Amino acid sequence: MALSYPTQPGDIDHLIADDHAVVERQFQHLEAGRGNRRVLVDQVSFELALHAFAEETVLYPIWPELGMEDEHDDAEHEHQQIKELLVVLGRTDPGEDEFEDALTQLISVVRHHVHDEEDEELPEFRAKAGGERMAQLGKEFLAAKRQAPTRPHPAAPDEGIAERIAGMLAKPLDHVRDMLSGKQKEMGTDPSGTLDPEAQAIVDAHSSFGPLPFEILEPDQARKQPGPDAAVKKVMAERGLEGPEPVASVEDLRIPDAAGGEQTLRVYTPEGFGTGPRPVLMWIHGGGWVLFDLDTYDASCRGLANKTGAIVVSPDYRRAPEATFPAAHDDVLTAYRWVLQNAASFGGDPTRVAIGGESVGGNMAAATCLQLAEVGETVPVAQVCVYPLVTPEQHGESMQDAADARPLNRPLLSWMAMHAFEGRPDAASDPRVDLLGVPAERLAALPPTLVITAERDVLRSQGQDWARRLEEAGVDTTLRHYDGVMHEFFGAAAVLTKAEEAQQEAARHLRRAFGVGAGEPDGATTR
């Protein structure tokens with residue numbers, strides 16, 4: 001599930017290995033007897049159906065041209081076995097002898113197939129086809145997944161134009177069957193049984209919208225799908241909860257971006273404004289530099305404004321692929337400098353400014369601090385990194401044990417990097433992205449830092465290692481880990497107890513840095 005040689009996120013062999021990691025983790029859930037067995041198998045069937053179609057129409061036709069006839073024949077034979085076993089699993093139920101026997105065989109065949117492909121066939125293919133070709137084949141691989149039928153079809157043609165035509169005919173029929181059976185609304189959930197009930201309700205709510213996998217779509221298609229905020233709002237509506245959380249005011253300002261244009265800076269002023277300048281928190285939204293926007297992370301900003309008593313400002317930086325790395329980083333740095341210079345214009349105190357963010361927002365918060373320190377400018381008084389991305393590498397054990405997590409799984413992480421760093425292979429070693437690679441003497445300049453991680457998150461391991469690196473560098477660092485929750489949990493405080501706890505933890509960290517006591521009135525300081 002991890003290739004032995006370097007790849008770029010959009011390379012076809014990289015994408016294939018990501019798919020393998022997801023299915024392997026689902027097999028492990030099944031073998032351990034945890035989670036929803038029916039939904040796990042249905043998800044495995046869906047993933048393998050798309051994966052097999054994409055390999056057979058994009059990858060396998062090339063192998064004979066490169067003298068890989070034996071590998072081609074063996075792989076097609078195993079794909080046929082896999083499809084036939086998936087048909088059996090689809091018409092039987094967990095607990096039945098036929099189902100359990102077919103599942104045992106499927107796990108064995110797939111693991112053998114993965115071993116051969118990752119250890120022998122893909123390295124040979126890359127060596128013969130050339131590294132430059134892998135990225136283009138990766139794009140074709142994802143395009144084929146968008147065209148693929150969602151169920152196995154062992155009797156259909158298994159290669160080339162004939163299979164593409166058969167797939168085009170089968171896909172709409174599969175879609176109708178998936179809708180009628182309810183499987184369409186199972187594909188986006190987390191059936192592993194590892195989430196706590198409140199978190200499970202949120203991922204179930206998102207899955208109920210029937211989204212397509214973000215990681216196979218074009219960015220403009222993916223942006224039209226419901227985000228994590230939509231799932232929280234659905235759960236709130238089901239519980240009769242009103243929202244959004246009220247604040248005194250929300251205002252959108254237009255400020256410069258780094259390219260000579262403009263970006264939006266959303267300004268949240270908390271209730272009970274009081275007198276005197278307020279501390280300021282710049283909160284940077286996530287989305288892998290590709291997805292989501294200010295609205296998606298609105299709940300986090302409102303909650304932090306009211307819990308800290310600070311004015312929260314959030315920049316709407318440019319996103320990829322329209323503006324690739326380092327556009328977003330440059331916009332955030334530009335926005336931070338503007339805030340320092342203009343804080344008084346919206347009631348802020350420029351001597352008490354902190355920074356933080358979620359996911360890639362956490363990355364950009366730390367990168368901004370490092371850039372400011374590098375040129376001798378004033379760094380924020382504190383930073384908060386919520387499940388941050390701190391290296392582009394597939395780092396740590398969470399890349400395996402959370403490979404199948406929702407809403408962020410390993411294939412989606414690669415998809416985001418593929419678009420964010422397109423044309424910039426050097427981004428992997430850029431210190432604004434590879435924060436784990438920054439020397440300790442530079443890290444020592446960072447302000448007091450809170451790092452928050454989640455159990456069901458592919459970024460968990462790198463977030464925890466980031467906290468250790470900061471502590472080793474002498475930075476005042478606090479790590480808070482939350483079991484039973486997923487990436488994107490932080491903004492769900494209205495319906496998720498652990499999100500409320502995490503926001504309160506962030507607020508305590510920030511109030512200490514602002515010099516505001518926990519029981520003091522808004523605007524008061526201990527200075």
Side-chain angles (χ1 to χ4, degrees), residues 1 16 19-56 73-118 148-158 163 166-167 170-171 173-195 197 200 203-204 207 213 400-406 409 456:
M1 273 52 65
I16 288 171
D19 287 352
H20 292 167
V22 170
V23 171
E24 172 59 27
R25 188 56 177 157
Q26 291 171 321
F27 284 162
Q28 291 171 8
H29 297 316
L30 288 161
E31 290 175 320
R34 59 176 171 260
N36 187 319
R37 204 165 180 80
R38 177 75 268 170
V39 177
L40 279 165
V41 167
D42 288 345
Q43 287 191 354
V44 166
S45 179
F46 175 83
E47 288 151 6
L48 290 177
L50 268 60
H51 180 89
F53 180 87
E55 281 199 337
E56 290 166 5
D73 293 343
D74 290 345
E76 285 204 333
H77 174 68
E78 287 177 332
H79 270 199
Q80 184 66 21
Q81 286 182 282
I82 290 168
K83 292 174 188 176
E84 291 171 356
L85 290 166
L86 289 174
V87 169
V88 174
L89 290 167
R91 62 174 170 78
T92 56
D93 293 318
E96 295 179 2
D97 289 345
E98 193 175 9
F99 179 97
E100 300 302 334
D101 289 345
L103 179 58
T104 299
Q105 292 180 58
L106 178 71
I107 293 173
S108 176
V109 172
V110 170
R111 283 177 173 163
H112 181 269
H113 176 77
V114 169
H115 171 75
D116 286 350
E117 201 162 58
E118 292 193 3
T150 58
R151 294 177 178 234
H153 295 276
D158 59 5
E163 183 171 7
K171 183 177 180 178
L173 297 175
D174 286 354
H175 179 71
V176 171
R177 293 167 67 196
D178 292 344
M179 291 292 291
L180 294 175
S181 67
K183 288 184 179 181
Q184 178 70 24
K185 294 187 176 182
E186 294 177 344
M187 293 303 105
T189 194
D190 183 339
S192 68
T194 57
L195 294 176
Q200 187 68 54
V203 295
D204 285 347
S207 185
Q400 305 299 329
D401 66 43
D404 62 321
R406 302 289 179 157
N409 59 18
R456 282 289 282 167

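Being a predicted model, the structure only gives us computed values, none of them experimental.
Checking each of H77, E84, E76 against Q80 for a side-chain hydrogen bond (donor to acceptor under 3.5 Å, both in side chains) leaves exactly one that passes, namely E84.
With salt bridges taken as basic N to acidic carboxylate O contacts below 4.0 Å, one links E100 and R37. Of the charged side-chain nitrogens involved, at least one lies within less than 4.0 Å of a carboxylate oxygen, so that E31 and R111 count as a salt-bridged pair. R151 has no carboxylate O lying under 4.0 Å from a charged side-chain N of D42, or vice versa, which leaves the two without a salt bridge.
In this structure, V41 and P94 have side chains that are not in contact, with every pair of non-hydrogen atoms separated by 4.5 Å or more. Within the 4.5 Å cutoff, the side chain of F99 has no heavy atoms near those of the V88 side chain. Side-chain contact between D116 and D74: absent, with no pair of heavy atoms (C-beta onward) separated by less than 4.5 Å. Side-chain contact between E117 and H20 is present, with heavy atoms from C-beta onward closer than 4.5 Å. Looking at V23 and Q26, their side chains come closer than 4.5 Å, going by heavy atoms from C-beta outward.
Here the CG atom belonging to D101 is positioned 12.5 Å from the CG atom belonging to L106, to the nearest 0.5 angstrom. Remark: F27 CZ to L40 CG distance equals 10.5 Å, nearest 0.5 Å. Distance check: T189 OG1 to M187 CE gives 10.0 Å after rounding to the nearest 0.5 Å.
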_CA sep, side-chain torsions, deciding dist, call: E186, R38, salt bridge (Lys or Arg N to Asp or Glu O under 4.0 Å)_ = CA-CA 10 Å; E186 294 177 344; R38 177 75 268 170; over 6 Å; no
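In this structure, H29 has no ring-ring contact (aromatic ring centres under 6.0 Å, His included) partners at least two apart in sequence or on a different chain.
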